[in-house]
2 protein chains.
Amino acid sequence: MSNVTIKLLAERLNLSTATISKALCDSHEISIATKERVLALAKELDYVPNPYAGSLRRNKSKTIAVLIPEVADSFFSLALNGIEEVALEKGYHTLIYLTHEKLEREKSILKSLSGGRVDGVIMSVTVETASFEHIKEFNRHYPIVFFDRVCKEIDTAKITTNDFECGYMATKHLIEAGCQKIALISISNSLSIISERTEGYKKAIEEFGLNEDCCPIIDFPDEPGLEYGIIRKMMSSSNRPDGIVATGEKLTTPIYLVCQQMDINIPKDIKVICFSNQSSAIILNPTLTTITQPAFEMGKKAASVLLKSLKYNSLILTEESTVISSTLIARGSTVC
Amino acid sequence: MSNVTIKLLAERLNLSTATISKALCDSHEISIATKERVLALAKELDYVPNPYAGSLRRNKSKTIAVLIPEVADSFFSLALNGIEEVALEKGYHTLIYLTHEKLEREKSILKSLSGGRVDGVIMSVTVETASFEHIKEFNRHYPIVFFDRVCKEIDTAKITTNDFECGYMATKHLIEAGCQKIALISISNSLSIISERTEGYKKAIEEFGLNEDCCPIIDFPDEPGLEYGIIRKMMSSSNRPDGIVATGEKLTTPIYLVCQQMDINIPKDIKVICFSNQSSAIILNPTLTTITQPAFEMGKKAASVLLKSLKYNSLILTEESTVISSTLIARGSTVC
DNA sequence: ATTTTTTACTTAATCGTTTAAGTAAATTTT
DNA sequence: AAAATTTACTTAAACGATTAAGTAAAAAAT
């Protein structure tokens, strides 16, 4: 802690602490001469207000929390970047919590925040978040803005991308590239975004009249490391798909590696499109066709919405929900 | 804010707030019966202490700050992951601040923290951080642990990797793979880590008797976007290098792309080794030989050191400095 | 010249904790 | 049985800010 307090300034200037406090926030009750003296001394002594004293008194912490599954992920790190940018600009501080996809962690973090540590929360739920009571309870006292992985059941602002449409677009893109047997693979089927993408995929499959039996939907179990086996199995099946929609960036590596190992040529033997924000997409071989989410913008928007609601003390902000479109960037993995 | 306070519990139980407070921290001054009553009611009403009241009183925030240049970077996001893991485990909260390589931002963030918002800081300086007075000043009041990009001039714990050795190793690796004209390219030459790596590179060049005139050291200017031109120029020079040591992961993409565009084969025409933690290294074509830093471990170690010092209230922790070795992983970009 | 208003402050309460110091009753020691 | 100690509390101050309410002096209005 810095030991320069309002009290010290008051003593030095023979004024009351109230005068100092008011002078510092430029109150009209204080004479210009006094304000100048106060400001000068404050500057000289490098006075920085104790944030917690203020927070306690005002019941406002000027702090928000970001709850995300992980940060070593292009999407989430870009989103965090956007959030931090807006927060810093508006004078807010950003606490970061990683849930590592664990519901228990999500619960205990929210619990620990509920004593007033933050003014609001921006979050993306875990794959395990199937019940929402803990979030609802928290939301009774604090504003929440969801981004990407939302809770439909909770009535608040949600910043998402057009997942359904993108599932459709991705699949359509493969179909137009000549695929007939398109597999969809996901890291989880419990997430809202994944089911949206899956629905879009199904719509395209149906609309273009593909044989659904040849279009498997594969969800990975929670334990990591099993991806390879599952993908390898899929690739060795008698009815191997000729197209893959991968709904998460984590899937790129196993798909590329298995294809390499099994000598399956992308895009000749199988075309791949991946929901991914990885900047390396353009230097993979072949370059990867992606659905790129507006991660940074989503983060910025989520923070803007939350901070605006805090500014005006308005709790309800469902109408602030925004859908920002992702972009399909066609590259070598779907174009022969 | 939650409206359940110690005062409320006290009223409900006809006890003083002091008794409640002591009961909650299991003080020996309170009878077991009373403790049980307090705990039961606290649980029933979902009491969560106001963190700021406690912080104010104890002058401890149980909060640390992480200052990093950016988060959308494999190294820093992995390090943050490690920091958050340790912090959460020890009951600390983690504020995240991105400097975006701007010295001014670093200064103003540290200033804003100096009122007692955090108990300590973990940081990696910006490329612009050539003067250290602001950090030194901050460090007079709060403990700092540096990781990766350290300030040699400041006497505190520094968690680094063996950059010098790795610069040497990387260069030696290229030489052993047959390279004679090795370029070193960096995003900046002002950082301690880069100069370490550069020194290691120089040592290898000298030790193996390469012609120094054919081994250019190239620093990129601050403005992004110029990398391509510089790399392209280097590649078109009459004396094109046959090996590249790239000291940052941001350099992979321009190098690969320029080689592709200019039809220069990696590794046949030029071999590339990159300081990088990108998980996509193994699916690039060719797969990328990397010096992989122990980012997660460095983050964990930095947090451990800081939190330990906070626990024992010990300010000086220079001896806690740790060097964790990076790993050279030879892949396709240096092996024909 | 008196009253009213404005200016420029101060006093004291408050936010929700923690904790040093005090205290009455119960228990133990002598 | 008196003195000393222990138990189980309470009172009140403190952390560093903010702010409602109070006040004396100066300025303005009547």
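Labels below follow one simple rule: chain letters A, B, ... track the order of the sequence lines, proteins then strands, and each chain is numbered from 1.
For the pair B/K136 and B/E153, the salt-bridge criterion is not met [side-chain N within less than 4.0 Å of a carboxylate O]. A salt bridge links A/R140 with A/E137: the closest approach of a Lys/Arg side-chain nitrogen to an acidic carboxylate oxygen falls below 4.0 angstrom.
When the side chain to side chain donor-acceptor pair (under 3.5 Å) test is applied to A/D73, no partner is found at least two apart in sequence or on another chain. Residues forming a ring-ring contact (aromatic ring centres under 6.0 Å, His included) with A/F138 (at least two apart in sequence, or on another chain): A/Y142.
Residue pairs meeting the side-chain hydrogen bond (donor to acceptor under 3.5 Å, both in side chains) criterion with at least one member in residues 16-25 of chain B, sequence neighbours excluded, are B/S16-B/T19, B/K22-B/E29.
What separates CD1 of B/I6 from C1' of D/dT10 is a distance of 14 Å, to the nearest Å. In this structure, the CD atom of A/E11 is 11 Å from the P atom of D/dG16, given to the nearest Å. Rounded to a whole Å, the CD1 atom of B/I20 is 15 Å from the C1' atom of D/dT11. One interatomic measurement links the two molecules: NZ of B/K60 to P of D/dG16, which rounds to 12 Å at whole-angstrom precision. B/L24 places its CG atom 14 Å from the C1' atom of C/dT19, with the value rounded to the nearest Å. Nucleotide D/dA17 holds its C1' atom 14 Å from the CG atom of B/N50, rounded to whole Å. The distance between atom CG of A/L8 and atom P of D/dG16, rounded to the nearest whole Å, is 10 Å. If you measure from atom CG of B/L56 to atom P of C/dT19, you get 12 Å, rounded to the nearest angstrom.
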Output one line per pair: protein atom, nucleotide atom from nucleotides 6-9 of chain C, and distance, for all N/O pairs under 3.5 Å.
from  : atom 1 : to    : atom 2 : distance (Å)
C/dC9 : OP1    : A/T34 : OG1    : 3.3
C/dC9 : OP2    : A/S31 : N      : 3.2
C/dC9 : OP2    : A/S31 : OG     : 2.4
C/dC9 : OP2    : A/T34 : OG1    : 2.5
C/dC9 : N4     : A/E29 : OE1    : 2.7

Can you check nucleotides 12-14 of chain D for protein contacts, nitrogen or oxygen pairs under 3.5 Å, and list what you find?
from   : atom 1 : to    : atom 2 : distance (Å)
D/dA14 : N3     : B/R57 : NH1    : 3.1

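By the neighbour-count criterion of 12 heavy atoms within 6.0 Å, atom NZ of A/K308 is sparsely surrounded, having that number or fewer from other residues, nucleotides or ligands. No more than 12 heavy-atom neighbours from other residues, nucleotides or ligands sit within 6.0 angstrom of NZ on A/K90.
How far CZ of A/F76 is from OG of B/S77: 12.5 Å, rounded to the nearest 0.5 Å. For the atom pair CD1 of A/I144 and CG of A/L67, the computed distance is 9.0 Å after rounding to the nearest 0.5 Å.
Relative orientation of the B/H93 and A/Y97 rings is perpendicular, given thresholds of 30° and 60° on the angle between their planes.
Rounded to 10°, the angle separating the first-five-pair axis and the last-five-pair axis of the helix from C/dA1-D/dT30 to C/dT30-D/dA1 equals 50°.
Remark: side-chain polar atoms of A/E101 are paired, donor with acceptor, to backbone N or O of A/V127 under 3.5 angstrom.
Within the 4.0 Å cut-off from OP1 or OP2 of D/dA17, not a single side-chain nitrogen or oxygen of A/S21 is found. Using a 4.0 Å cut-off, no side-chain N or O of B/Y52 falls inside it from OP1 or OP2 of D/dT18.
Heavy atoms of A/P51 sit nowhere under 4.0 angstrom from any nucleic acid atom.
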